[in-house]
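One structure below.
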Amino acid sequence: MTPAQALQRIEASTLNAVTEIVRGRTAGPGPLSGVPFGAKNLFDVAGLPTRAGSLINRERAPAVRDAPVVARLGAAGAVLVAALNMGEYAYDFTGENVHDGNCRNPHDPERMSGGSSSGSGAAVGGGLVPLALGSDTNGSIRVPASLCGVFGLKPTYGRLTRAGTFPFVNSLDHVGPLARDARLLTDAYNAMQGPDADDPACAQRPAEPVTEGAIEGLRIGIAGGFFEQYAGPEARDAVAVVAHALGSTRRVEIEAAGVARAAAYVITTVEGGSLHLERLRTRPQDFDPATRDRLIAGCMVPGAHYVQAQRFRRWYRERVLRLFEEVDVILAAATPQSAPLIGQATIELNGETVPARATLGVLTQPISFIGLPVAAVPVVRPSAPGAMPIGVQVIAAPWREDVALRVALALERMGVSISR
C-alpha cells in the first residue's frame, strides 16, 4: 500500500478511526520505505495539538516536533498519514469517545474496536494503514489488537521511549506498534528502539534488533487459574489453537493475578487522578463523565493504598519472574471474548454478568502491571455468520521481545495467526 492509497482509503472509510489527516511527509530510504502509518493522537505530531482523545487538549498549542518514536519510524522510511482516534486520556477499553465519536470495529461496525488505541486497531484491521502506533497502560494495545484481529506489541516497560506522548500513568505507560503482519510489527519495533534521555525509563537500555529465528526448544506454558476463569469459550479455544500449534500442554499458574489486577487499578486511578487534578477542578464538564468519575475516585484513594499497591507490585514481579526459570513463553487470551456491541454495558462471562468496560482488560492488566513484553497475535477462526476475531497474548521475560516476536512470526508462518 502506498501513502496515496492509504489516504484514499481513509477518506472513504466510515470506521471513525482517524481524527486528522497528515499530508506532505516524504519517505526516506530504510527498511520501512514508503510504508504509510498512523499514530494514536496522544503522540506529538508536528503542527497538530496533541489531543489524547480529549476535548480540553484541543486547545493546546500545536506540537513543534514529532514524538521520537514517530520520528524514528520516519527515519526508517515510513510515512505518517494520520492521527488516530482513541479513548479519552487513554482511560478506556471500548473505543467509545464522546468527543470524537465511537471508533468502529472493521469486521462489524456495530461492535467495539477496543481501546484505548481504538483508531490504531481499527485502521490496521480495516486496511486503512498497514502500521499504527499505540500506547498500552493496562492493555490498550492488546485489547484493540484482539478485537480488531491484528498483531500488536507491548514491549518491556522502558524499552521504547515515551517522550513526546501525553501521559496517563507514568509507572505503567508503554508505547508500541500494531501491524497487519508479524514481520512489519517486528521491523517497526526494531526501528523505534534506542535509549532516550528524555524518558528516564528508557535512558540506558541499548537497542537489541530482533531477527526471525527458530522456536524449536522454546518452553511454552499455558496460563491457568485466573486466566482461564476470566476467559470465555472463544478465548479459551483461541489459546488452545495456539498451544496445539506450538506443541504445548504445559500449564503454569500466575500466582495472585487477581490481586495484581486490583493493584493495577489503584495505581492507575491514583496517578491518573493526580495528573488531571487541576483539569478536574476547573473543567469537570469537559470530560466524558465516565472518565471524569473514575479520575475523581482516584484522587480520593488514601496514599497508603497506593504505597501498598506498589509494594505488592514488587512482590508479584518476583513471583512471576520465577516462572521464566521453567518456561520461555506463557500463553494467555488477550480479551475474555470477541468484540461486544457499541454501547453494551455488560457481558456474560462463564455464567456471570460483568461490566464490559472494565472486564475487556481483565487478562492484560496483570501482565502490563509488571512491564513484561507481550506480542498479541490474532487467531484464525472458522468462517461463520457473526464470527469475530480474537487474540492471544504471547508473554515473555523482561527484555525478551525477541522471543515473543519469534513465536508470533512462527504462528504466522503456520497459518495460525493471520490478520484479516
Fill in: Side-chain touch Val320/Ile370, heavy atoms, less than 4.5 angstrom
yes
Practice prompt. Side-chain contact test, heavy atoms from C-beta onward, threshold under 4.5 Å: evaluate it for Thr269 versus Tyr91 and give yes or no.
Written response: yes
Worksheet item: Which heavy-atom pair separates Ala197 from Ala203 by the least distance, and what is that distance?
Response: CA-CB, 4.4 Å
Item to complete: Taking Arg72 for its side chain and Gly194 for its backbone only, find out whether a donor-acceptor pair lies under 3.5 Å.
Response: yes
Practice prompt. Kindly indicate whether the side chain of Tyr189, heavy atoms from C-beta on, has any atom under 4.5 Å from the side chain of Leu405.
Written response: yes
Worksheet item: Are Lys40 and Ser116 linked by a side-chain donor-acceptor pair shorter than 3.5 Å?
Response: yes
Discussion item. For the SG atom of Cys299 and the CG atom of Leu277, what is their distance to the nearest 0.5 Å?
Written reply: 5.0 Å
Worksheet item: Does any non-hydrogen side-chain atom of Ser135 lie less than 4.5 Å from one of Asp173?
Response: no
Worksheet item: Is a side-chain N or O of Arg236 found less than 3.5 angstrom from the main chain of Ala231, in a donor-acceptor match?
Response: yes
Practice prompt. Heavy atoms only: give me the nearest Ala245-Leu411 pair and the separation to one decimal.
Written response: CB-CD2, 4.2 Å
Practice prompt. Could you tell me whether Arg104 and Glu96 make a salt bridge, using a distance below 4.0 angstrom between a side-chain N and a carboxylate O?
Written response: no
Discussion item. Looking at every heavy atom in both Leu275 and Pro167, which two are closest together, and how far apart are they?
Written reply: CD2-O, 3.3 Å
Worksheet entry | Audit row: Asp92, Thr291, side chain to side chain donor-acceptor pair (under 3.5 Å) steps and yes/no | CA-CA 8 Å; Asp92 169 63; Thr291 305; over 6 Å; no
Item to complete: Answer whether the closest heavy-atom distance between the side chains of Val270 and Tyr265 falls below 4.5 Å.
Response: no
Item to complete: Show the numbers, then the answer: is there a side chain to side chain contact (heavy atoms under 4.5 Å, CB included) between Gln193 and Leu160?
Response: CA-CA 6 Å; Gln193 283 193 62; Leu160 298 182; 4.1 Å; yes
Practice prompt. Taking atom types as modelled, find out whether Ser368 and Asn138 have a side-chain donor-acceptor pair closer than 3.5 angstrom.
Written response: no
Worksheet entry | Note: Arg51-Glu20 ion pair, threshold 4.0 Å (strictly below) | yes
Worksheet item: Under 3.5 Å, is there a donor-acceptor pair linking the side chains of Ser417 and Glu412?
Response: no
Worksheet item: In a check of salt bridge (Lys or Arg N to Asp or Glu O under 4.0 Å) between Asp136 and each of Arg142, Lys154, Arg159, which one passes?
Response: Arg142
Response to the item:
The reported gap from CD in Gln308 to CD1 in Ile267 (rounded to nearest 0.5 angstrom) is 10.5 Å
Item to complete: Hey, could you give me the OG1/CD1 distance between Thr353 and Ile347, rounded to the nearest 0.5 Å?
Response: 9.5 Å
Worksheet item: Under 3.5 Å, side chain of Thr268 to main-chain N/O of Ala264, donor-acceptor pair present?
Response: yes
Item to complete: Look at the aromatic rings of Phe226 and Tyr230 and report parallel, tilted or perpendicular, splitting at 30° and 60°.
Response: tilted
Item to complete: Quick one: pull up CG in Leu172 and CD in Glu271 and give me the separation to the nearest 0.5 Å.
Response: 6.0 Å
Worksheet item: Going by atom types only, do Asp100 and Thr19 share a side-chain donor-acceptor pair under 3.5 Å?
Response: no
Worksheet item: Can you list the steps and then say if Leu341 with Met112 is a side chain to side chain contact (heavy atoms under 4.5 Å, CB included)?
Response: CA-CA 6 Å; Leu341 293 168; Met112 297 175 184; over 6 Å; no
Worksheet entry | Pair Leu372-Phe324, side chain to side chain contact (heavy atoms under 4.5 Å, CB included): steps then yes or no | CA-CA 11 Å; Leu372 300 180; Phe324 290 103; 4.1 Å; yes
Worksheet item: Closest heavy-atom contact between Val377 and Ala408?
Response: CG1-CB, 3.6 Å
Response to the item:
Taking every heavy atom of Ser118 against every heavy atom of Gly95, the minimum-distance pair comes out as CB-CA, 3.5 Å
Worksheet item: Side chain of Gln365, backbone of Ala260: donor and acceptor closer than 3.5 Å?
Response: no
Practice prompt. Determine whether the aromatic ring centres of Tyr89 and Phe168 lie less than 6.0 Å apart.
Written response: no
Worksheet item: Quick check: does any side chain N or O of Arg9 sit under 3.5 Å from a backbone N or O of Leu128, one acting as donor and the other as acceptor?
Response: no
Fill in: Donor-acceptor under 3.5 Å (Arg219 side chain, Glu325 main chain)
yes
Discussion item. What I'd like to find out is whether the side chain of Ile254 reaches to under 4.5 Å of the side chain of Pro366, using heavy atoms alone.
Written reply: no
Discussion item. If we count only N and O atoms by modelled type, under 3.5 Å, do the side chains of Glu255 and Tyr316 hold a donor and an acceptor together?
Written reply: no
Worksheet item: Yes or no on side chain to side chain contact (heavy atoms under 4.5 Å, CB included) for Ile10 and Val81, after CA distance, side-chain angles and deciding distance?
Response: CA-CA 9 Å; Ile10 288 168; Val81 296; 4.0 Å; yes
Item to complete: Give a yes-or-no answer on whether the side chains of Thr364 and Gln393 include a donor-acceptor pair shorter than 3.5 Å.
Response: no
Item to complete: Using the side-chain contact (heavy atoms from CB on, under 4.5 Å) rule, pick out the option among Ser338, Pro340, Ser146 that qualifies with Met388.
Response: Ser338
Item to complete: Can you measure from CG (Asp286) to CZ (Arg58) and round to the nearest 0.5 angstrom?
Response: 10.5 Å
Discussion item. Measuring only between side-chain heavy atoms, which start at C-beta, is Ile342 closer than 4.5 Å to Arg111?
Written reply: no
Practice prompt. Using the six-membered ring wherever Trp is involved, compare the ring planes of His276 and Phe287 and label them parallel, tilted or perpendicular (cut-offs 30° and 60°).
Written response: perpendicular
Worksheet entry | Electrostatic pair Arg183-Asp187, nearest N-O below 4.0 angstrom | yes
List the atom pairs, with distances to 0.1 Å, where a side-chain N or O of residues 120-127 and a protein N or O form a donor-acceptor pair under 3.5 Å, not counting sequence neighbours.
unit_1, atom_1, unit_2, atom_2, d
Ser120, OG, Leu133, O, 2.8

Fill in: Expected output: side-chain Asn102 to main-chain Asn97 donor-acceptor under 3.5 Å
yes
Worksheet item: If you measure from the Lys or Arg side-chain nitrogens to the Asp or Glu carboxylate oxygens, is any gap between Asp196 and Arg162 under 4.0 Å?
Response: no
Fill in: Under 3.5 Å: donor-acceptor pair, side chain of His107, backbone of Cys148
yes
Item to complete: Heavy atoms only: give me the nearest Pro233-Asn350 pair and the separation to one decimal.
Response: CD-OD1, 4.2 Å
Discussion item. Between Arg292 (side chain only) and Gln285 (backbone N and O only), is there a donor and an acceptor less than 3.5 Å apart?
Written reply: no
Worksheet item: Among side-chain atoms of Asn105 and Ser113, is any donor-acceptor pair under 3.5 angstrom?
Response: no
Worksheet item: Should we count CD of Gln204 as having more than 12 external heavy atoms under 6.0 Å?
Response: no
Item to complete: Give a yes or no on whether a salt bridge exists between Glu278 and Arg281, defined as a side-chain N under 4.0 angstrom from a carboxylate O.
Response: yes
Worksheet item: So is Arg261 actually on top of Phe369's ring, under 6.0 Å and inside 45° of the axis?
Response: no
Discussion item. I want to check something: taking the side chain as every heavy atom from C-beta on, are Ile215 and Leu246 in contact at a cut-off of under 4.5 Å?
Written reply: yes
